[in-house]
Each structure stands twice: as C-alpha cells, then as structure tokens.
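Note sheet for the following structure.
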Amino acid sequence: MSVVPGATGRSGPEGTLLALTRSQIPALNVVMSTAREPDAGKIADLAAVAAEEAGRDGFPWSIRLRGGPDDAITRRAGEYGLTGKSEQPFMVMPLKDASVRAREGEQVRVRALGGHEYNAFAEVLAAGFGAPPVIISSLYTPAVLDAQGINAYVAEADGVAVAAGLGVVVEDHLGVINVATTPQHRRKGHARVMVEKILADGRTAGAHTAYLHATDEAVGLFESFGFRTAETWTSLIGA
C-alpha cells in the first residue's frame, strides 16, 4: 500500500484487513476477512472506518469475505448501502503442474513494462475493463509498476496493444491479476498468451504456487492451464 499515493491500510484481528486506495473501483477500497467464519463485530469495526473515509473523500468501497456473509454482516453492510453481492471463484495451481506450451511463430508479443510506461499500461487495461484510464493510472503508478515483485505486461499483435495484465510474486506465491483484453480483440487467444508469460516469469522468479480470482467467464480458460477452484469469495457492494 505504501507505493500507492494516498492509500491507507490497517490490519485487524483474526484475518481482518482494511485497504483503501481511494480509487473509484469498489474492489480496491475494501474491508476484508480471510477467516473461514468471519467475525461480524470485527468486520463492523473496520467497516465504520471505511464508511467514514469514503463519505469524506467520495470513493466507493466494499466488503470482501472468504465464503459468504452471515445475517449480522449482511445487515451491517446494508446499513452502508452495500446491498449488492457478487461471488468469485478463488483458483489455485502448483506451478509445476501448469500447462504452458511453446508457441513458435506466435503473432502476439508479450513484453514487460517499466514504470515509465504506466500510462500505456493504463490505456490498455482500462479499455479491457471499460473504465476511464485515469482510474487505472492513479492506482498503477510508476512506483507501483517498478516495485519489487510486481510485473506489468502488455500483449501486442502487429504492433497494436491488445491485452494487459500483472503478475505479483510474494515469497513463493504468484498472483495473476487484472488480465484483460480490449473488446475488439477478444476470443483470439491473446489472454492465453498473456497468462502463459505471467506463469513462466513467475516460475522463473521462484514462485511455486499461482492463484487468482476469476470471473465466471474466465474459469474455463484458467482450468485449461491446470487451475482448480479451491473456494468461493463473496463481495458486498453498493447496488
């Protein structure tokens, strides 16, 4: 969090966490619990802080849980207007089991980006997610993209940027994050080439396990690499 301008964070007891980037993406301003049975009281304490700061600074926020919310958490989230709910598969894979094949003559080139290319990265990722580039560039700043363990990538086909994504290595774990393809270039295998590069570089960096949160549409792609759904996480968001 220290490399994201204006970001704040706070660790609570029993796997609770408050992380606020102050971006306009609710998932990046979050009260989180990694406990299998989240404690409603501890969630409520951090939710009060998030709601106060969000109200003052004008950004959306969310509550993210490992598993589903109980009635008490659902009621507290509702008090803050977080009445929407979405679920995401959490997928994991030993990197030694990754199905990655060599691609001779591949027309898509994936390259790593330095922090000085953060605007170019933001343009591609924003197009893939349908978001304003300024939201992405305010989060993925030059300092973030140059931070140890963080690798940003862009895929190019015939010199045109078609996809972007990140690999984040912490100790021996690789997070595959924010892989997105621009709308006009989807369903052409570009995301697959991107993921192959992220996995290969993560393995080279010494990671033994890869993990990610997938959309329902992307589950099949990641299963083809060897990822398996370990559990489902739930986000409570504004409706």
Side-chain angles (χ1 to χ4, degrees), residues 1-11 17-32 34 46 49-50 53-54 57-62 64 88 90 109-156 161-182 190-191 193-207 209-215 218 233 235 237:
M1 295 289 289
S2 62
V3 296
V4 179
T8 57
R10 179 186 303 181
S11 295
L17 173 71
L18 171 69
L20 305 176
T21 67
R22 288 174 166 74
S23 80
Q24 292 301 309
I25 302 175
L28 300 179
N29 303 300
V30 64
V31 173
M32 180 184 297
T34 60
L46 293 181
V49 177
E53 296 198 27
D57 296 340
F59 57 81
W61 63 286
S62 61
R64 194 170 198 181
Q88 279 190 305
F90 179 73
R109 171 177 176 248
V110 179
R111 64 183 182 90
L113 303 178
H116 65 286
E117 297 180 277
Y118 80 108
N119 276 326
F121 178 73
E123 290 284 346
V124 183
L125 200 60
F129 285 118
V134 67
I135 293 179
I136 307 299
S137 62
S138 66
L139 174 66
Y140 294 122
T141 63
V144 171
L145 297 191
D146 283 336
Q148 184 175 3
I150 296 178
N151 294 294
Y153 301 89
V154 66
E156 298 169 333
V162 297
L166 292 118
V168 178
V169 177
V170 178
E171 295 180 352
D172 57 355
H173 302 293
L174 166 69
V176 180
I177 299 172
N178 290 345
V179 175
T181 305
T182 57
H190 301 327
V193 179
M194 171 70 67
V195 173
E196 288 177 346
K197 175 64 172 174
I198 294 172
L199 294 177
D201 283 0
R203 190 158 48 192
T204 299
T209 304
Y211 67 90
L212 55 87
H213 287 277
T215 62
W233 287 51
S235 291
I237 57 178

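The heavy-atom pair separating Gly114 from Asp146 by the smallest distance is C-OD1, 3.8 Å. Annotation for Ala191 and Val179: closest pair CB-CG1, 4.3 Å, computed over non-hydrogen atoms. For the residue pair Pro60 and Ser23, the shortest heavy atom distance occurs at CD-O, 3.8 Å. Ile198 and Gly165 make their closest contact through CD1-C, 4.3 Å (heavy atoms, listed as atom of the first residue, atom of the second, distance).
With respect to Val154, the side-chain contact (heavy atoms from CB on, under 4.5 Å) criterion is satisfied by exactly one of Leu125, Leu113, Val162: Leu113. For the pairing with Tyr153, the side-chain contact (heavy atoms from CB on, under 4.5 Å) check across Val193, Leu166, Val195, Asp201 returns one residue only, Asp201. Of the candidates Leu18, Val30, Leu17, Leu18 is the only one forming a side-chain contact (heavy atoms from CB on, under 4.5 Å) with Leu46.
Side chain of Ser62 to backbone of Ser235: no donor-acceptor contact under 3.5 angstrom is found. Here the side chain of Gln24 pairs a donor or acceptor atom with the backbone of Gly58 at under 3.5 angstrom.
Residues satisfying the side-chain contact (heavy atoms from CB on, under 4.5 Å) test with Ala122, not counting sequence neighbours, are Ile136, Ser137. Taking Arg10 as the reference, nothing meets the salt bridge (charged side-chain N to carboxylate O under 4.0 Å, His left out) condition, with sequence neighbours excluded. A search for side chain to side chain donor-acceptor pair (under 3.5 Å) contacts involving Tyr211 returns nothing, not counting sequence neighbours.
The stretch residues 115-141 participates, sequence neighbours left out, in these salt bridge (Lys or Arg N to Asp or Glu O under 4.0 Å) pairs: Arg111-Glu117. Sequence neighbours left out, not one pair with a member in residues 128-138 passes salt bridge (Lys or Arg N to Asp or Glu O under 4.0 Å). The side chain to side chain donor-acceptor pair (under 3.5 Å) contacts involving residues 162-182 comprise Tyr140-Asn178, Thr182-His185, where partners must be two or more places apart or lie in separate chains.
Counting heavy atoms from C-beta on, the side chains of Val144 and Leu139 never come closer than 4.5 Å. In this structure, Phe59 and Leu20 have side chains that are in contact, with non-hydrogen atoms separated by less than 4.5 Å. Side-chain contact between Arg203 and Leu174: absent, with no pair of heavy atoms (C-beta onward) separated by less than 4.5 Å. With a 4.5 Å cut-off on side-chain heavy atoms, Pro142 and His116 do not count as touching.
Here the CG atom belonging to Leu212 is positioned 8.0 Å from the CZ atom belonging to Phe90, to the nearest 0.5 angstrom. The CD atom of Gln88 lies 10.5 Å from the CH2 atom of Trp233; values are rounded to the nearest 0.5 Å. How far CG of Asn29 is from CD1 of Ile237: 13.0 Å, rounded to the nearest 0.5 Å.
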**Request:** Before giving the answer on side chain to side chain contact (heavy atoms under 4.5 Å, CB included), spell out for His190 and Val110 the whole-Å C-alpha distance, their side-chain angles and the decisive distance to 0.1 Å.
**Result:** CA-CA 9 Å; His190 301 327; Val110 179; over 6 Å; no

